[in-house]
Amino acid sequence: MQDGRTGTELVPVSPYGPFHRFVDRIRELNIEGRVHDALAEIDLFEWIAEAFGDRRTADFMLQRRMYTYLHLQQHEPALSIGAQLVARHRASGNLLGEARTLADLAELCMLTGRDAEGMRYLARAGLLLESTTRRNDCYVRALASCGDAAIAAGLHEIAAAFYDAYYAGNGPDQDGYIPFVYSALLVSWGLWLDHLGRNLEAGHRWRRLAAITDTWLTSFGRVGRASHVQILTGTRALALAKLGRTDEALALAQRSIAGPGTGSYTHPELWTAHLALAVASRARGEFTAARRELVAAEHLVSRGIRADDRLLVQYELATLTAEVLGQHVETVGADIYADVLGALQGQAQQLWRQRRQRMTMLRQARQREQLEIEHARAHAALLRDPLTGLGNRRHFDQLMADIYAGNHPSPTTLLLVDVDNFKSINDTHSHSAGDEILRELARIIGAHCRQGIDTPIRYAGDEFTIFLNSDPVNAVSVAERIRASVSATDFSGTAPGTPVSISTGVAALRCGMTPTELFHTADTNLYRAKRAGRNRVAT
């Protein structure tokens, strides 16, 4: 794109932040399997984003670091970073970012045997998604992460509910991300049902998988991401192989494996193409070829992040071995053949029972999270001023107690804001006009505060306080911007003929200063501003 006036080439800026292209670079390195290079560049890019105040890109860098550690199977560092990211999203009010990271943490917990903790994270992520009506790209990613976590827990019905909710309103996306993760669910679900001998239910999943992959490959296969085309082609081959369409499955699986890929790196998700070849070869009685493909599939899933995938491939490999043994009953004996199959069935049944236990845990976790959310809402209501929607005097006292206890961010600067000549506004134009002015002032003050970082409060009557996580110089700049915005606002419809202005006192919290001394200093500076003529900031 060019600027028509100067002919200068203009580079479009992502809505996610000026350095968001760094995120794309990290994704590319991970897709190529260069995870250690990715970690090195994350260190650099995160520092640059933080240095230039691009918090969104810094958050994305943290997220990519967590995913990179996950791919390296370094679960403890990934959990630690996920907890940091949840705190950052919660502080900034990024509900969808918080939901996605909670779901990622749920998946990590399942991989490390922390089932109860994982179910709690997944329950809260689901409740956050239900609380929003936004249906943007961030929503899709959060929903997919919830689905991945549910798959990791073996909760296929829960995962399907997430994906079906998206499909119902949107259909398949051009990027192929939702069909990609939905197909992973159906592969896992179909294989589990196969292994449990529930063939009719498994057949339904294979037909659904065939339909989803066919729709997407037909509609977007020419324009979608190459890696998604390659993987979904292999996944469709597996569905067809399981449905007995052997020749079609062989052709698609071979096309998937021979696809463009990413150089010498083979994506772990291509294990489905190798499994499709194994199923088709086995149907033809080509056991050696089937075993070769299953070994290749097992090698790929061992590099993936879903532990159940490896169990599923190993089950297929074991049943193939049992079938080969069955061809030589006269040598190994019918009892041995039956014992092998019985052991495999018993293991599958035990894992399926574990899945039902997790479903109960999720239901209980959801009930607890709902109670906690309701309690938090009730607590927040106690700290909110009903007229302005800002914090109230109770909230102010709580923050002052935090300062006294040393539980406050550094640096902290307090602004004490007072409406000039407010009594005359009430006397001249009525208290309802005064209330309307206070509501507008609260809106202006809130617009100049960073959500989750700064805290604006209606202290009493026409007085406001603002706790800023800023040094005194920046705090004075914020105070001046608020003062100028109030002066520039047209209140003639509410208080005709009466100018509206504010005066502000600024005080920075110094080492050893008590909360009372902080407030007294701000109050003293406020009255200095009043005596100096009002409509000004004093520090």
Side-chain angles (χ1 to χ4, degrees), residues 110 143-144 146-168 171-172 176-218 228 231-246 248-250 252-253 256 269-280 282-283 294 297 301 304 306-317 319-320 344-345 347-349 351-356 358-359 362:
M110 300 313 302
L143 180 145
C146 285
D148 284 346
I151 293 173
L155 305 180
H156 304 98
E157 299 92 332
I158 301 297
F162 284 118
Y163 300 141
D164 285 335
Y166 176 80
Y167 258 87
Y177 188 72
I178 286 293
F180 172 68
V181 292
Y182 200 171
S183 67
L185 158 68
L186 292 170
V187 166
S188 176
W189 201 353
L191 287 172
W192 273 115
L193 292 169
D194 265 351
H195 299 167
L196 291 165
R198 296 158 69 167
N199 299 325
L200 288 176
E201 295 174 70
H204 174 72
R205 272 74 195 180
W206 297 127
R207 285 188 291 275
R208 176 73 170 139
L209 177 58
I212 285 175
T213 50
D214 180 54
T215 298
W216 189 83
L217 288 168
T218 301
H228 286 169
I231 292 164
L232 286 171
T233 299
T235 305
R236 176 167 170 73
L238 176 58
L240 296 181
K242 285 290 186 178
L243 291 170
R245 294 160 63 176
T246 305
E248 295 175 76
L250 282 170
L252 282 176
S256 172
E269 295 297 334
L270 286 176
W271 70 272
T272 56
H274 287 282
L275 182 55
L277 286 176
V279 172
R282 182 175 172 182
L294 284 171
V301 292
R306 291 189 295 271
D308 275 8
D309 288 347
R310 190 172 188 182
L311 288 175
L312 293 168
V313 174
Q314 287 174 339
Y315 187 98
E316 292 281 330
L317 192 53
T319 54
L320 175 67
L344 293 171
Q345 285 285 330
Q347 182 188 45
Q349 293 288 353
L351 291 170
W352 200 252
R353 283 193 291 274
Q354 184 185 59
R355 185 195 79 93
R356 288 202 298 270
R358 288 172 178 168
M359 188 75 80
L362 178 61

Student: Which distance, rounded to the nearest 0.5 Å, do you find between the OG of Ser183 and the CG of Leu232?
Tutor: 5.0 Å

Student: Residues two or more places apart in sequence or in another chain: which of them pass side chain to side chain donor-acceptor pair (under 3.5 Å) with His228?
Tutor: none

Student: For Tyr182 and Arg208, run side chain to side chain contact (heavy atoms under 4.5 Å, CB included): C-alpha distance rounded to whole Å, both residues' side-chain angles, the deciding distance at 0.1 Å, then the answer.
Tutor: CA-CA 10 Å; Tyr182 200 171; Arg208 176 73 170 139; 3.6 Å; yes

Student: Can you tell me how far CG of Asp214 sits from CG of Leu209, rounded to the nearest 0.5 angstrom?
Tutor: 11.0 Å

Student: Tell me the closest heavy-atom pair linking Ile151 and Ala184, and the distance in Å.
Tutor: CD1-C, 4.3 Å

Student: Measuring from atom CH2 of Trp192 to atom CG of Leu311, what distance do you get when rounded to the nearest 0.5 angstrom?
Tutor: 6.0 Å

Student: Do any N or O atoms from the side chain of Thr319 and from the backbone of Glu316 form a donor-acceptor pair under 3.5 angstrom?
Tutor: yes

Student: Taking all heavy atoms of Gly190 and all of Arg205, pick out the closest pair and write down the distance.
Tutor: CA-CB, 4.2 Å

Student: Under the side chain to side chain donor-acceptor pair (under 3.5 Å) test, which residues partner Thr235, sequence neighbours left out?
Tutor: Thr272

Student: Indicate yes or no: at least one non-hydrogen side-chain atom of Val301 is less than 4.5 angstrom from one of Gln314.
Tutor: no

Student: With rounding to the nearest 0.5 Å, note down the distance linking CZ in Arg245 to CZ in Arg236.
Tutor: 6.0 Å

Student: Could I get the full list of side chain to side chain donor-acceptor pair (under 3.5 Å) partners for Thr246, not counting sequence neighbours?
Tutor: none

Student: If you look at every heavy atom in Ala241 and Ala280, which pair is closest and at what distance?
Tutor: CB-N, 4.4 Å

Student: What are the two closest heavy atoms between Ala276 and Ala237, and how far apart are they?
Tutor: CB-C, 3.6 Å

Student: Under the side chain to side chain contact (heavy atoms under 4.5 Å, CB included) test against His156, which residue among Leu193, Leu185, Leu186 passes?
Tutor: Leu185

Student: Tell me every residue that passes side chain to side chain donor-acceptor pair (under 3.5 Å) with Trp206, counting only those two or more places apart in sequence or in another chain.
Tutor: Asp194

Student: What's the separation between atom CG in Leu191 and atom NE2 in His195, rounded to the nearest 0.5 Å?
Tutor: 5.0 Å

Student: Tell me whether Ser256 contacts the main-chain N or O of Leu252 through its side chain, where contact means a donor paired with an acceptor under 3.5 Å.
Tutor: no

Student: Out of curiosity, Thr233 OG1 to Trp216 CH2, how far, rounded to the nearest 0.5 Å?
Tutor: 8.0 Å

Student: Pairs in or reaching into residues 147-158: which pass salt bridge (charged side-chain N to carboxylate O under 4.0 Å, His left out), with residues at least two apart or in two chains?
Tutor: Glu157-Arg355

Student: Who pairs with Arg207 by salt bridge (charged side-chain N to carboxylate O under 4.0 Å, His left out), at least two apart in sequence or on another chain?
Tutor: none

